Structure formats: structure tokens, C-alpha cells
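For clarity, every value in this text was computed on a predicted model and none was experimentally measured. Hydrogens, waters and symmetry mates are skipped; everything else that's a heavy atom, side chains included, is used.
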Amino acid sequence: MTFDRPASRFPTTRFHGTREWRRIADAFRARQRGICAACGAGGATHVDHIRPLAEGGGNGFSNLQLLCHGCHSRKTARQDGGFGNPRGEYVPRTACDAEGRPMSGRHWWNGPEALHEPAGLKRSRPRLTIVCGPPGAGKSFYVRQHIRTRDVLIDLDAIIAEQTGYRERVWSRRLIDAGLAERNRRLAALAEDGAHTGAWFIVTAARGEQRRRWATMLGAVRTIVLLTPRHVCIERIKDDPARAKVMGQQLRAVSHWFDSYTPWAGDTPIRQGAQQRGG
């Protein structure tokens, strides 16, 4: 269900009291299951326009977020300049794709080296399996259940944990850049890797076109997509101490993944239940 009617149908100050807005807000609350998009807390009730109506924002779900009272108050104070705060420039939360990557070409993540999705990698010599899915889908668990002694695993989260020595996912730009560079180095090395018979590559890759590019470039023999239910992913993230400090970000990434997911003919979809764990 989408609600993309022009926001100008009602004056901004009056729209939130209309029956149409109540219908939109009720539908959005039901979809978001009461989870605050900013902090990850439950019991959130405020349906907020990411880009305000007065600044040209619409009423579609892509421009809405569910916030708890505290996060909604802080956002309003920041944007409106209330409570002695300077009026802040609007920066949309959802200006990211399902990978959690900023879509703006001016953002550091999308720099000239394009570390997140490099071009020019060669086909893997070991038989490569790509495992995709949202945060909390169980990608690491799935690989642990199927990887063999002479296989190699390439996983950004594991690489950064290996480089830093800790598992908490509060990573700076410098750490992410270093992890991506090392991940890409290992992917490139697969072309000349005669020591391993199999390789596993973990990446979220919500869109079918992303998975197709990775699989074609690296010559993957299988591209597995773990279609773990959204509520199961959310429960796992909330139960994972390593994600506690970035829970809101992780929960938003789950929503982005499911909202952006598209199938690809080369996918091997697998539906996992609540008994599996891992990211």
C-alpha cells in the first residue's frame, strides 16, 4: 500500500488533522511494528515526515519514519530551532540504499575508489558461493554450516573484527574503508587462488541487479538469498550484544533491505526460521 498523493492538497498546518493523514499514519504504524527508526526502541507512535511537507516532502511510505517521543522531540527541535537549538539543515535518514550506503555522489562512501562495489574484479578460481540477505538473516550461520576445510570465507564484518580485535559494530569511516579495501584485495586474490577449492562471499545485496553484477564479475556458481522474515531479523538484532550500540542503524538497514529487495533469475532463495542465528 502506498500513499503518494501530492502533499499540497491540504495546507501543511492542517494536514495532520485530516482523516486522510490518520489513515496513512495508522497503516504506517502497523507496518513498522512500533520500532523507533532512530534508536530502535519499541512502543514508538509518532509518524514523522523525513522531509517536511513544507519543504516539498510527500506522504509516501518512503518519506515516513516511526519515532519514539524522545527522538521525535529531538528531531523537531533540531529542524525548527526550538529549545535554544540552532535551526539545522535537513539531512534525510533514508538517503541510503538497502546496503546502508549513502546515495549522494558527494558522500565520502561514494568516493572515486568506490570501495563498496569495485569494478574490474576477475572470476574466482575456487568455486564461489555468494550469500546475501538483510542484517540478522543468518548469513554467517548459514556459511558456518556449509563451509568446508579447504574453503575460504570473505566477509566484511569478520574482516573488520579481525583488523580491530573487537566485535562491536561501532566503526568509524577509517575502519570501514580499511575493511573494504582488505575485502576487495581478498576478492581480487581469488582469481589466482589455487590453495582453496571453494570460496564464500557474504554481502547484503538487496537488489537483484547488484547480485547479478557480483555473480557475473566473480563467476559465482551459486547466489543464495536468505529470505528470513523481517520480524525474525529484528528479534535477532535486538538479542545481539554486538549490535546494541548501533541497533537503530541496524533496524533501519533491515527495513531498507526489505523495501528495496528485488529478485533475480540467478538467485537460490532460502527461507530460514527463527532457530538460526547470526548476521
Side-chain angles (χ1 to χ4, degrees), residues 1-83 85 88 90-100 103 133-137 204 206-207 227-239 243 246-263 271 273-274:
M1 181 183 297
T2 58
F3 300 89
D4 292 319
R5 298 175 185 174
S8 59
R9 179 178 175 184
F10 299 99
T12 300
T13 56
R14 294 172 49 202
F15 179 71
H16 290 92
T18 65
R19 181 179 299 176
E20 181 174 358
W21 170 245
R22 289 195 296 271
R23 182 167 60 89
I24 294 171
D26 287 346
F28 189 73
R29 288 190 191 96
R31 175 182 175 178
Q32 299 304 110
R33 300 173 181 268
I35 298 171
C36 178
C39 69
T45 59
H46 291 271
V47 179
D48 175 70
H49 286 88
I50 298 171
R51 182 178 294 280
L53 296 179
E55 296 181 15
N59 297 314
F61 282 3
S62 61
N63 189 47
L64 299 180
Q65 60 183 350
L66 193 64
L67 298 176
C68 66
H69 178 73
C71 290
H72 183 262
S73 297
R74 284 188 288 273
K75 175 182 180 286
T76 301
R78 177 60 177 163
Q79 287 190 325
D80 296 347
F83 305 106
N85 293 290
Y90 167 72
V91 179
R93 282 190 179 276
T94 55
C96 299
D97 62 16
E99 307 291 309
M103 293 186 290
T204 50
R207 291 182 286 111
L227 298 176
T228 306
R230 185 194 301 244
H231 73 277
V232 175
C233 296
I234 290 172
E235 290 170 2
R236 292 175 180 171
I237 289 171
K238 288 184 174 181
D239 290 341
R243 306 181 201 241
V246 290
M247 185 178 297
Q249 176 185 349
Q250 290 273 301
L251 294 176
R252 288 194 298 274
V254 171
S255 293
H256 282 312
W257 195 96
F258 281 99
D259 291 345
S260 303
Y261 168 74
T262 56
R271 298 187 181 276

Practice item. Mind running side-chain contact (heavy atoms from CB on, under 4.5 Å) on L66 and V47 for me, showing each step along the way? Key: CA-CA 5 Å; L66 193 64; V47 179; 3.8 Å; yes
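- The heavy-atom pair separating M247 from K238 by the smallest distance is CE-CA, 3.7 Å.
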Practice item. Apply side-chain contact (heavy atoms from CB on, under 4.5 Å) to the pair E20 and R23, showing each step before the final yes or no. Key: CA-CA 5 Å; E20 181 174 358; R23 182 167 60 89; 4.1 Å; yes
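- Across every non-hydrogen atom of R243 and P135, the tightest pair is NH1-CB, 4.0 Å.
- Between T204 and W257, the closest heavy-atom pair is O-NE1, 3.1 Å.
- Within the model, atoms CG of D239 and CD1 of I234 stand 12.0 Å from one another, a figure rounded to the nearest 0.5 Å.
- Residues R252 and Q249 meet the side-chain proximity criterion, which asks for heavy atoms closer than 4.5 Å.
- When the salt bridge (Lys or Arg N to Asp or Glu O under 4.0 Å) test is applied to D259, the partners found at least two apart in sequence or on another chain are R31, R230.
- Proximity of a side-chain donor or acceptor of N63 to a complementary backbone N or O of R51 within less than 3.5 Å is detected.
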Point to revise | Verdict with reasoning, H49 to N59, per side-chain contact (heavy atoms from CB on, under 4.5 Å) | key: CA-CA 7 Å; H49 286 88; N59 297 314; 2.8 Å; yes
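- Contacts of H231 classified as ring pair (Phe, Tyr, Trp, His ring centres under 6.0 Å), with partners at least two apart in sequence or in another chain: none.
- Between atom CD of residue E235 and atom CD1 of residue I237 there is a gap of 10.5 Å, rounded to the nearest 0.5 Å.
- Ring orientation note: the planes of F28 and F61 are nearly perpendicular, at an angle over 60° on the 30°/60° scale.
- Using a 4.0 Å cut-off between charged nitrogen and carboxylate oxygen, D26 and R29 count as a salt-bridge pair.
- To the nearest 0.5 Å, the span separating SG on C233 from CZ on F258 amounts to 4.5 Å.
- T228 and R236 get closest at one heavy-atom pair: CG2-NH1, 3.8 Å.
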